[in-house]
Amino acid sequence: MKHLLSIADLGTDGIEEVLHLTDSFVEVSARPIPKVPALRGKTVVSLFYEDSTRTRLSFETAAKRLSADTMTFTVGSSSVNKGESLRDTVETLRAMGADAFVVRHGSAGVPWQVAAWSAGASVVNGGDGWHEHPTQALLDCYTVRRARAERGLDPALAGLRVAIVGDVKHSRVARSNVLAFAALGAEVTLVAPPTLLPPDLTGWPVEVSHDLDTTLAKCDVVYLLRMQLERQHEALVPSLREYTARYGLTSGRARLLADDALVLHPGPMNRGVEIAGDVATHPNAVITQQVANGVAVRMAVLFLLLGAGGDLGG
Ligand code: NCD
């Protein structure tokens, strides 16, 4: 594997390989000194053209725990503001010794473009426009498996009923998660008002529902998406209050969930919009576990892209 641009690049076997390797890095992360020398001498650059808290810090933490050096590029303080092109930026950072680029950009497809210019360096898609966010999907699949195992449930995703709720239209997280959950055999239902669904779902391995209450009672996993207000340039819902009333996981609605159903959210959360504050702290909400597992999943991805032949180096 040279790049990780889309979940589709991995296929079922590739996803399984990442999830399997993640177990080792969860173990490393639990050590008093959570660090291995696996990527000593390698340089991982985060190339972020869009705001981010957890994804950038998660990749940088992952790189540091593997003993790689890190460089951070954020557009706000860079020569992009002097007119430097993406290509020149990539070539400049490669000339400084970048071995991997983690790319986040507001436009779909940019990580593929960076891969074409990266001159041998690996590229990981850290979120491109509305398109994909593959490491988010990997950490979500990992979190569901682990949380189910911890509760004494069958950890396999095959046959699990997963509801992905909310602003699917603008969500790269939803696109990657549909691919990943479906590849592992889960049955995915999208729950959203018609205005927040993509105009054409041909080829998506999903069911669609506009009735959250009915779907909730029958699902093993409910995955709430953030309302992407910054990407909505027209009124797609009558009001946020109306949205919450029909599609929010309110405290009342959370009572419809089965006792062992898990609640996930990629963050950042709009508390009180797509998820009620007390639901976010419910024992079956695994939102902070998603963040913790995210570091280990990204360690696995960086190791597979840059590491030397299967040796974790102690
Ligand atoms: C998501 C993103 O930026 O794509 N957040 C994340 O990476 N954890 C989801 C979002 O912004 O809604």
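Both ligands and their constituent atoms are indexed starting at 1 by order of listing. Keep in mind that the numbers below use all heavy atoms, side chains included, and drop hydrogens, waters and symmetry copies.
Within the cation-pi definition used here (under 6.0 Å to the ring centroid, within 45° of the axis), R104 does not qualify as a partner of F48.
Among pairs with a residue in residues 189-201, those fulfilling side-chain hydrogen bond (donor to acceptor under 3.5 Å, both in side chains) read D200-T202, at least two apart in sequence or across chains.
Ordered by chain and residue number, the residues placing a heavy atom less than 4.0 Å from ligand 1 are R54, T55, R104, H133, Q136, R172, V173, R226, Q228, P266, G267, P268.
For R146, the salt bridge (Lys or Arg N to Asp or Glu O under 4.0 Å) partners at least two apart in sequence or on another chain are D23, E150. With sequence neighbours excluded, no residue forms a side-chain hydrogen bond (donor to acceptor under 3.5 Å, both in side chains) with D99.
Here the side chain of R94 pairs a donor or acceptor atom with the backbone of A119 at under 3.5 angstrom. A distance-only check finds a donor-acceptor pair linking the side chain of T12 to the backbone of A183 [under 3.5 Å].
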